[in-house]
Structure formats: structure tokens, C-alpha cells
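In what follows, a structure is listed as C-alpha cells, so that the remarks can point back to it.
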2 protein chains.
Amino acid sequence: MWNRFHIVGNLDMLCTEPQRRCRVSAIGDVARLAGVSKSTASRALSGRGYVSDATRERVVQAAADLGFVVSSNAASLVTGQTRNVGVVIPFINRWFFAEVLDGIESALISSGYDLTLYRLSPDAEQRRRVFDYFLVRKRVDAVIAIGIELTAREVDQLRSLGKPIVGLGGPIEGIPTVNIDDVDVARMATELLINLGHRKIMHLGGDLDEQMDFRVHAQRLSGFRLAMSAAGLDSDDNFRAVPFDIPGGYEGALKVLADPRQRPTAIVAGCDEVAVGVIVAARQLGIQIPSQLSVVGIDGHSLAPMFGLTTFEQYPSRQGSTAASIILETLAGTDQGEAPRELRRTMPVSLAVRGSTTAPASEDRGTKSRRASRERP
Amino acid sequence: MWNRFHIVGNLDMLCTEPQRRCRVSAIGDVARLAGVSKSTASRALSGRGYVSDATRERVVQAAADLGFVVSSNAASLVTGQTRNVGVVIPFINRWFFAEVLDGIESALISSGYDLTLYRLSPDAEQRRRVFDYFLVRKRVDAVIAIGIELTAREVDQLRSLGKPIVGLGGPIEGIPTVNIDDVDVARMATELLINLGHRKIMHLGGDLDEQMDFRVHAQRLSGFRLAMSAAGLDSDDNFRAVPFDIPGGYEGALKVLADPRQRPTAIVAGCDEVAVGVIVAARQLGIQIPSQLSVVGIDGHSLAPMFGLTTFEQYPSRQGSTAASIILETLAGTDQGEAPRELRRTMPVSLAVRGSTTAPASEDRGTKSRRASRERP
DNA sequence: TTGTGACATGGAACCGGTTCCCGACGGAGG
DNA sequence: CCTCCGTCGGGAACCGGTTCCATGTCACAA
């Protein structure tokens with residue numbers, strides 16, 4: 001058996017039996033070195049309960065000498081808290097998701113929490129496994145779901161384990177979520193173009209059938225349609241579904257802009273990446289932006305300034321830290337999991353006007369703009 | 001106190017005291033329901049040791065009835081294994097790192113391992129905290145360091161805890177690493193242009209002073225210089241440091257390409273993102289690619305095909321899964337941590353030739369090309 | 001018949017902390 | 001002088017599993 005006295009004061013690994021894992025100092029060793037009991041050592045190190053200053057100092061010194069660090073496993077076992085949050089995410093290598101993850105990570109780490117990452121693939125089997133096998137094992141205190149629509153079963157599963165959940169990127173039935181108003185932002189983007197006088201406006205957005213989209217595509221399309229019909233500009237043929245990235249926007253725009261006769265004067269892109277693709281395609285086709293084609297995006301992507309893209313900026317990283325804060329507050333709250341206030345926190349967006357938008361050429365100018373100029377004295 | 005008999009057969013949470021955390025069924029409950037001892041239940045569920053088929057079936061059924069899941073904390077406490085790997089990474093929202101992370105995550109999860117993510121900021125204090133506070137707490141079995149040069153102290157710290165480490169993105173003193181040969185790939189990229197006949201070649205690469213670059217910038221520059229001096233094309237003024245992203249390449253190229261007299265005929269970009277920025281800038285300046293300017297990149301970024309970029313492709317996601325495999329093998333090996341074979345696994349790259357490279361216009365044609373054509377009969 | 005070994009199971013120690021409970025001590029107040 | 005209370009510290013239970021060890025059964029070979 002291990003003789004603990006061999007350990008005291010010795011920082012090196014002692015592997016008397018190479019087969020067995022090496023022992024590192026435990027709180028008992030610290031206690032012995034400091035000449036106190038385990039319970040006092042625990043109190044001294046965790047700061048809970050009464051410990052005299054002199055004793056605390058001795059214990060802290062002993063812990064430092066031994067290079068002691070608590071075993072979070074042992075602590076979790078008894079406290080029931082892991083100080084670890086699970087993050088479920090469909091993509092890592094997409095701008096929005098990477099930014100969100102970044103924000104969450106920063107917020108969690110600065111509160112002393114770990115982040116355990118689960119990428120959820122569209123594969124239902126893999127998804128079930130994550131929920132049944134991983135998230136459930138008392139490994140995480142809470143779960144943040146990014147851009148994923150949890151099923152009622154999944155929510156129940158986590159909630160019955162007393163784990164708070166926060167959604168990000170769209171509403172989830174019955175749990176607090178952080179998101180922007182995707183319908184509204186698309187409506188505003190469209191209205192921006194309408195107010196500039198555009199009439200032939202197209203929307204290049206994400207595929208509605210794509211899994212894991214959390215209805216963002218559908219909502220932005222819906223906002224577009226809302227604005228268009230409010231301006232009396234309904235049409236069957238003003239939406240085109242493209243992959244939600246730069247090449248998607250590029251390929252889509254090449255097709256949409258091919259025929260000069262049917263070319264729109266403005267495009268509402270489903271996201272900034274699509275918008276950038278559109279701009280690249282337009283430049284390649286020799287179409288001047290914005291004089292021949294206005295483009296507006298949604299996101300506030302880091303490429304927007306370089307391409308002079310007018311866009312409605314959301315701040316995914318801030319959304320991430322907000323979600324993390326909600327989780328941390330919930331965990332800190334005494335009412336742990338009880339009545340998680342049905343908060344749907346809608347984050348603000350802001351408009352960054354750049355060079356990709358202007359009024360259309362006079363022959364394309366719409367009624368609204370004409371009226372506006374007529375009304376002016 | 002909790003009366004366990006109340007729990008048996010009841011799937012719902014029982015919170016007799018709302019203040020205290022809710023109990024979920026433990027292995028003792030399963031054992032009691034199945035009419036066996038804890039030890040037998042443990043053996044039945046984990047598959048270790050002798051259990052008759054009939055008994056195993058009863059236990060499994062009981063566990064299913066109770067919705068039992070093991071507490072990984074309790075299991076880790078006694079086995080000393082967490083089935084969790086820590087990943088340390090400097091950026092989440094950059095293509096290379098996101099791809100690597102993706103690869104690691106897939107590999108780990110399919111082996112039943114969790115991934116705990118630590119973003120290391122350049123802030124030394126934060127970095128120390130991650131190592132002293134987080135990584136050390138027996139929370140992870142191993143560490144993968146991506147694009148980060150660990151100090152000797154950090155390596156010792158982890159190793160003295162018996163935790164295997166694997167580096168990715170460059171060599172780390174004394175630990176196995178996965179990477180491509182950054183010197184060589186830059187040399188090959190440069191030689192590609194030289195062999196096409198270019199003489200006025202510039203390198204737009206990353207800032208050498210940038211922290212967290214893991215000497216990738218320096219190595220690629222060095223490969224470029226190697227190729228240039230081998231071809232007798234040394235020059236003081238053929239390198240420009242730019243931010244290692246698309247806007248960085250764009251801004252850098254705008255300056256480099258501004259003066260038509262001193263314009264290079266070809267550019268070796270430090271990475272594909274810089275290359276894309278260069279192409280965008282060139283197009284904007286009306287410079288034809290490749291007839292007036294050849295561009296070659298390094299990475300195999302997803303935007304490369306769209307921009308017709310000739311590039312040397314590395315596969316970060318595959319590098320990530322390779323790193324994960326090494327870790328998993330090491331953990332599975334009996335010699336746990338002992339003599340981690342000093343493997344430096346260099347991953348292959350492959351050349352994808354697209355439209356961004358060609359021979360220079362005749363007046364710019366270099367000696368090598370001339371010589372080559374002269375040597376031909 | 002008895003020894004042997006594979007199989008099956010229960011009891012109990014153990015992992016490394018936290019926390020409850022209790023006792024001790026010392027100064028203040030009645 | 002006796003309580004009482006605030007402070008301090010130790011002993012022991014406990015969290016929820018895993019694993020060692022002992023016990024027992026049964027089949028089979030000697």
C-alpha cells in the first residue's frame with residue numbers, strides 16, 4: 001500500500017509501482033504537513049467556515065509546498081456541482097458559431113467554469129448519443145444550446161436532472177434564450193433598400209430545408225417578405241436559396257445576375273457571407289456596386305468593412321457571453337432550476353452603412369422614392 | 001435523510017426538500033431493484049468481471065427502468081481516469097483552428113471521450129491560470145495543445161501529473177507533435193513560382209513578432225527565403241508582414257501592388273486567407289490574375305476554389321483527428337505516460353493547381369525560365 | 001472422495017474531498 | 001461563579017461508484 005508519509009515534502013512523482021498511476025498529494029497530505037485535520041485543511045483552502053488566520057496560513061503554505069490542487073472530481077461528488085458547462089453546437093468552423101463559442105468561453109473561464117464542447121451532427125443517432133450518454137452523466141451543471149432546436153424530450157431529459165438550459169440563436173420551447181429578432185432585422189434590411197427607392201429586390205438566403213438552421217433562414221425570409229408586401233412589391237420570384245456561406249452567395253449571384261434584363265437592382269443577403277459572395281460575383285461580372293447593384297447583409301462579419309458592405313451587425317460573441325451569464329446567474333441562484341424565468345432576451349442589432357448601398361439608377365427608381373422627392377418642396 | 005426506498009421505481013424527481021439538490025438514482029438503487037449487491041450491479045453495467053447472463057439482464061433492465069446513468073465523477077475518482085481531454089487553443093474563430101478543433105472533437109467523441117476547451121489568450125496571467133488552476137485539477141486525462149508553444153515549465157507541470165500531451169501546429173520540445181513541414185511547404189510554393197519563370201516574387205506573410213504564432217510565420221518565411229536564395233533571387237525587400245487574415249492580405253496587397261513599376265509578378269501568400277485578400281485587392285486595382293500577377297497560397301481554405309487559388313493544401317481537421325488518435329493510443333497503452341515515443345508526425349500536403357498561377361509575361365521572364373527554354377532542344 | 005479451478009456474488013475498503021456534529025476554549029454578561 | 005455565545009478544530013459520515021478479497025457453488029479430473 002501507499003505510505004503517505006513518503007509523499008510529504010516531496011514534489012516529485014513517486015512511482016513505487018510503475019503499473020499503478022502516480023499519486024499526487026491529496027488534502028490529507030496537506031493536513032498532515034500543516035498539523036491539522038482534513039476538515040480544517042478543507043475549510044482553510046475553500047474559505048468556508050471558521051479557521052484562524054494562523055492556521056489558514058499554515059495550511060495554505062503546506063498546500064503550496066506540496067503543489068496541491070483539489071480534485072474537482074472529489075469535490076463535485078460531494079457538492080453535486082461540477083463547475084462545468086456543456087455547450088452544444090452544430091458547427092465549429094462557421095463565423096457565427098465560432099464567435100459565439102469564443103464569447104461563452106471567455107465568460108465561463110473568468111468565472112472559474114470549464115467548458116465542455118459537444119458538436120451535434122445532423123445524424124440523429126449521434127445526437128441521441130450526446131444526450132443520453134454524454135450530457136447526462138453529471139459531468140456538466142448546465143447546458144447552452146447554440147443554433148439547435150432541442151426537442152421536448154431533450155429539454156425534459158436535462159430538466160429532470162436539474163440542469164438549467166439556455167438556448168442561443170432562436171427560441172426554444174420553454175427555456176430562456178438569447179437571440180436577435182431575425183424577422184425584424186431582415187425586414188429592416190429590406191426596408192433600407194425600399195426606402196432608397198429600389199423596387200427590384202431579391203433575397204439570397206439559406207435553404208429552408210437545411211437541418212440545424214434553427215429557422216433562421218425561414219425567419220429572415222419572412223422578414224424580407226413582410227417588408228416587400230408592405231411596400232406592395234410582392235413577387236413569386238424574388239427569393240433564391242443558396243448555401244449559407246461565401247461560395248454559396250457567389251454561385252447564387254452568378255446565376256441571378258447573369259441576365260442583365262431580369263437583374264435586380266438590390267439584393268438582401270441572408271447573411272454577410274452570402275453578401276460577400278454576391279459582391280465578388282458582381283465585381284467579376286463587371287457590375288458596379290452600388291451604382292448598378294446595392295447589397296445589404298446581416299451579421300457584422302469581420303469581412304464586411306473590407307468589402308464596404310452595408311450590414312446589420314449582431315454581436316455573436318456578446319450573445320455568447322450573455323448566455324453564459326444567464327447560466328451562471330441561474331446556477332448561483334438559490335432557486336436552482338426552479339422557475340427559470342421564461343426570459344427571451346432579444347439582443348440589439350446596429351446598422352453599419354457602408355458603400356454597398358445607394359439609390360438605384362433613375363430608370364429603375366421605384367414609386368416610393370419618386371413620391372418622396374415629389375413631396376419635398 | 002433520504003429514504004432510498006422511496007426512489008426505487010420512480011422516474012420523476014423527488015424533491016422533498018426543494019432547497020437541496022434533487023436526487024437521481026444511484027447504482028445502489030439499481031442494485032436493490034435488481035436484487036443484487038452494488039458490486040454485482042457495477043460489474044454488470046461496466047462489463048468487467050464475472051456476471052451471469054441472467055443477472056446482467058436483470059441489472060440492465062433495472063438501470064433502464066430507473067433511468068440510471070453513472071456519475072462520471074464517482075467513477076473518475078476511483079479509477080483516476082476522466083475520459084476527458086483538454087484542448088488548449090489560441091483562437092477559435094480562425095479557419096485553421098476551427099477545423100482542427102472539429103477534427104479533434106469528432107475523434108474524441110467517437111471514442112467516448114469528452115473535450116474540454118481552453119482558449120489561451122496572450123495574457124500571461126490568464127495563461128498561467130489555465131495551467132495552474134484548470135488543467136491541473138485532475139479534470140482531464142491528457143492535453144492537446146494547438147498552435148501554442150508550451151514552456152518547459154508547462155510541459156513539466158503536466159507531465160509530472162502523468163498527463164500525456166500532444167502538440168499540433170509545430171514542434172514542442174520533448175513531446176509528440178503533429179504538424180506539416182511549414183518550411184518545406186513555403187519552399188515548394190516559392191519554387192512553383194520560380195519554376196514558372198517568375199523573378200520578382202514577394203512574400204506576404206504573418207508578423208514574426210505576433211504571439212501565439214508558433215513560429216509558423218517565421219518558418220514559412222524561412223522556406224520562402226531558402227527557395228529564393230537557391231535560385232539566386234535574394235533581396236532585402238521581398239517580404240512584407242501583414243495580419244494573417246483576408247483583410248490583412250488585402251491591405252498589404254493594396255500597398256505592395258500600388259506602384260506598377262515595382263510591382264512583383266508573383267506573390268507567395270503566408271496562408272490562403274492572405275492570398276484571397278491579395279486576389280481581391282488585385283482585382284480591385286485592375287490587375288489581371290494570373291497574367292499580370294500570380295498568387296499561390298498555403299492551407300487549402302474552403303474559399304480557395306471560389307477564387308481559383310493555387311494552393312498547397314493541408315488538412316487541419318485530419319491533423320486534429322490524428323492528434324486525438326495519438327492521445328487515445330497513449331492513454332490506452334499500458335505504459336501510460338512512460339516513454340511517449342518522441343514522435344513528430346509530419347502530415348502530407350498536396351498541391352491544388354488552379355487559375356491563379358501562370359508564367360509571367362515575356363518581358364518579366366526570369367533567367368531560370370529562359371535557361372530552361374534554352375536548355376530544351 | 002477430494003482437490004482444483006472457473007464462475008458468480010456479496011461485503012467492505014477506498015478514491016479525495018466536503019460538511020455535519022460535537023467538544024473545547026475564552027471572554028462577556030448576569 | 002455560572003451561562004452563553006462566538007470561534008476554532010477534530011472525528012466521522014457521506015457523495016457514488018470500482019475493485020479487492022472472501023465465500024460459495026459446481027463441474028471435472030485425479
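By convention in this document, chain letters (A, B, ...) are assigned in the order of the sequence lines, proteins followed by strands, and residues within each chain are numbered from 1.
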Exercise for the section: Taking only the side-chain nitrogens and oxygens of A:Lys38, find out if one of them lies under 4.0 Å from OP1 or OP2 of D:dG9. Expected result: no
Practice task
Find the distance A:Arg48:CZ to D:dC8:P and express it as a whole number of Å.
Solution key: 17 Å
Fill in the blank from the handout: Reading nucleotides 21-27 of chain D from 5' to 3' and marking B where a protein heavy atom lies under 4.0 Å of the base, S where only the sugar-phosphate is that close, and - otherwise, the string is -------
Practice task
Nearest-nucleotide wise, let me know which of A:Ile27 and B:Val36 is further upstream toward the 5' end of DNA chain C.
Solution key: B:Val36
Problem - Interatomic distance, B:Arg139 CZ vs C:dG16 C1' [rounded to whole Å] - result: 14 Å
Problem - OP1 or OP2 of C:dT19 under 4.0 Å from side-chain N/O of A:Ser42 - result: no
Problem - Nearest-Å distance for atom pair CG/P, residues A:Asp29 and C:dG16 - result: 9 Å
Practice task
Tell me what B:Val69 touches on the nucleic acid: a base, only sugar-phosphate, or nothing, going by heavy atoms under 4.0 Å.
Solution key: sugar-phosphate
Practice task
Could you tell me whether B:Arg83 and B:Asp141 make a salt bridge, using a distance below 4.0 angstrom between a side-chain N and a carboxylate O?
Solution key: no
Completion exercise
From the candidates D:dG16, D:dT19, C:dG17, the one with an atom nearest any side-chain atom of B:Ala74 is D:dG16
Handout entry: NZ/NE/NH1/NH2 to OD/OE distance under 4.0 Å, A:Asp156 and A:Arg153
Key = no
Problem - Sugar-phosphate only, base, or nothing, as touched by A:Thr55 at under 4.0 Å among non-hydrogen atoms - result: sugar-phosphate
Fill in the blank from the handout: Whole-Å distance, B:Leu77 CG to C:dA13 C1', equals 13 Å
Exercise for the section: Could you tell me the separation between the CD atom of A:Gln81 and the C1' atom of D:dG16, rounded to a whole number of Å? Expected result: 17 Å
Exercise for the section: Would you give the length of the straight line joining atom CD of A:Gln319 to atom OG1 of A:Thr177, rounded to the nearest 0.5 angstrom? Expected result: 11.0 Å
Problem - Euclidean distance, B:Phe91 CZ relative to B:Arg119 CZ, rounded to 0.5 Å - result: 9.0 Å
Handout entry: Side-chain H-bond candidate by donor/acceptor type, A:Thr322 with A:Ser325, under 3.5 Å
Key = no
Exercise for the section: State whether A:Ser46 places a side-chain N or O below 4.0 Å from either non-bridging phosphate oxygen (OP1 or OP2) of C:dT18. Expected result: no
Practice task
Establish whether the base of D:dG11 is bridged to the side chain of A:Ser39 by a donor-acceptor pair shorter than 3.5 Å.
Solution key: yes
Handout entry: Reported CG-to-OG distance for the pair A:Leu328 and A:Ser110, which is rounded to 0.5 angstrom
Key = 8.0 Å
Practice task
Report the residue (B:Lys138 or B:Ser37) whose heavy-atom-nearest nucleotide on DNA chain C is the more 5′ of the two.
Solution key: B:Ser37
Problem - Separation of A:Leu45 CG from A:Ile27 CD1 (nearest 0.5 Å) - result: 5.0 Å
Handout entry: Closest listed nucleotide, where the reference is the side chain of B:Tyr50 and the choices are C:dG17, C:dA8, D:dC8
Key = C:dA8
Exercise for the section: Tell me which nucleotide among D:dT18, C:dT9, C:dG16 gets nearest to the side chain of B:Val78. Expected result: D:dT18
Practice task
May I ask you to verify if any side-chain N or O of A:Ser71 is less than 4.0 angstrom from the OP1 or OP2 atom of C:dG16?
Solution key: no
